[in-house]
Amino acid sequence: MRFVIQRVTEASVSVENKKIGEIKQGFLTLIGVSEEDTLETADKLVKKLIGLRIFEDENGKTNLSLKDVGGSLLLVSQFTLYANCKKGNRPSFIEAGNPEKAERIYEYIIDKCKREISCVQTGQFGAEMKVSLVNDGPFTILLDSEKL
């Protein structure tokens with residue numbers, strides 16, 4: 001499982017020119033699920049996501065978590081995080097989880113996050129989405145379950 005976490009001052013996601021999710025300060029998190037991922041994998045990454053201390057404290061140190069600053073989450077599924085570009089110039093996505101499994105895990109992640117964070121917005125699984133953001137920093141973190 002892979003999470004690309006971007007600290008944002010604002011972010012939104014639209015489907016067919018209709019905004020379906022929008023946040024102010026918080027994390028835009030792109031979520032990729034592989035065929036090997038489990039709910040236990042999701043639990044580990046959600047715990048790390050919620051606990052990340054990448055907001056500045058009164059001394060300018062990145063020492064505060066999402067909860068500490070009353071931040072929001074925008075969670076967007078993105079199977080292309082499992083693009084394999086080893087051969088040629090056209091990516092292969094065979095390492096991405098099958099859609100039914102990936103959607104089930106994505107929905108599980110949303111539910112877990114909603115138990116911890118008061119404002120959780122989402123994209124639409126499998127839809128063609130337009131994502132807009134203002135990356136704060138810029139500050140971007142890649143969480144890969146294979147490296148945790």
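- Residue S72 holds its OG atom at 12.0 Å from CD of E10, rounded to the nearest 0.5 Å.
- In this structure, F27 is not a member of the same hydrophobic cluster as I23, with clusters built from ILVMFWY side-chain heavy atoms closer than 4.5 Å.
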- M129 and V76: CA distance, side-chain angles, deciding distance, side chain to side chain contact (heavy atoms under 4.5 Å, CB included) verdict: CA-CA 9 Å; M129 295 176 276; V76 177; 3.7 Å; yes
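- Remark: I5 CD1 to I54 CD1 distance equals 6.5 Å, nearest 0.5 Å.
- I141 and L66 fall within the same hydrophobic cluster, defined by Ile, Leu, Val, Met, Phe, Trp and Tyr side-chain heavy atoms under 4.5 Å apart, directly or through other members.
- Under the side-chain contact (heavy atoms from CB on, under 4.5 Å) criterion, V69 pairs with Q25, F55, L64, not counting sequence neighbours.
- No hydrogens or angles considered: a donor-acceptor pair under 3.5 Å links the side chains of E35 and N98.
- Of all the heavy atoms in G97 and A102, the pair that sits closest is O-CB, 4.2 Å.
- Under the side-chain contact (heavy atoms from CB on, under 4.5 Å) criterion, K48 pairs with L143, L148, sequence neighbours left out.
- The CZ atom of R7 sits 11.0 Å away from the CG atom of L52 when rounded to the nearest 0.5 Å.
- Between the side chain of T80 and the backbone N or O of A83 there is no donor-acceptor pair closer than 3.5 Å.
- Judged by distance alone, with hydrogens and angles left aside, the side-chain atoms of K101 form a donor-acceptor pair with the main-chain N or O of D37 at under 3.5 Å.
- Two residues are said to be in side-chain contact when any heavy atoms from C-beta on lie closer than 4.5 Å; K19 and V13 fail this criterion.
- Using a 4.0 Å cut-off between charged side-chain N and carboxylate O, K61 and E56 make no salt bridge.
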- Apply salt bridge (charged side-chain N to carboxylate O under 4.0 Å, His left out) to the pair D111 and R115, showing each step before the final yes or no. CA-CA 7 Å; D111 183 58; R115 295 180 197 177; 2.6 Å; yes
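- Here the closest heavy-atom approach between residue C113 and residue I50 is recorded as SG-CD1, 4.4 Å.
- Atom-to-atom distance recorded for F125:CZ and L75:CG is 13.5 Å, nearest 0.5 angstrom.
- By the neighbour-count criterion of 12 heavy atoms within 6.0 Å, atom CG of N17 is sparsely surrounded, having that number or fewer from other residues, nucleotides or ligands.
- Taken to the nearest 0.5 Å, the OG atom of S34 stands 11.5 Å off from the CG atom of L81.
- Hydrophobic clustering, with ILVMFWY side chains joined whenever heavy atoms are under 4.5 angstrom apart, groups V46 together with M1.
- Connection of F93 to L30 is not established within any shared hydrophobic cluster, with ILVMFWY side chains joined at heavy-atom distances below 4.5 Å, either directly or through further cluster members.
- A 4.5 Å side-chain heavy-atom check between E128 and V15 finds every atom pair outside the cut-off.
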- Message: I105 vs L39, test: side chain to side chain contact (heavy atoms under 4.5 Å, CB included). Steps then yes/no.
- Response: CA-CA 7 Å; I105 291 177; L39 298 181; 4.1 Å; yes
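- Remark: R2 qualifies as a cation-pi partner of Y82 under the 6.0 Å distance and 45° angle criteria applied to the six-membered ring.
- Separation of atoms OG (S145) and CG (L45) is listed at 6.0 Å; rounding is to 0.5 Å.
- Residues D136 and V8 have side chains not in contact (no heavy-atom distance under 4.5 Å, counting atoms from C-beta outward).
- A heavy-atom distance below 4.5 Å is found between the side chains of L49 and T29.
- Under the 4.5 Å side-chain criterion, counting only non-hydrogen atoms from C-beta, T140 is in contact with V4.
- In terms of hydrophobic clustering, with Ile, Leu, Val, Met, Phe, Trp and Tyr side chains grouped at heavy-atom distances under 4.5 Å, Y106 and L73 are assigned to a common cluster.
- In this structure the side chain of I20 never reaches within 4.5 angstrom of the side chain of S12, judged on heavy atoms.
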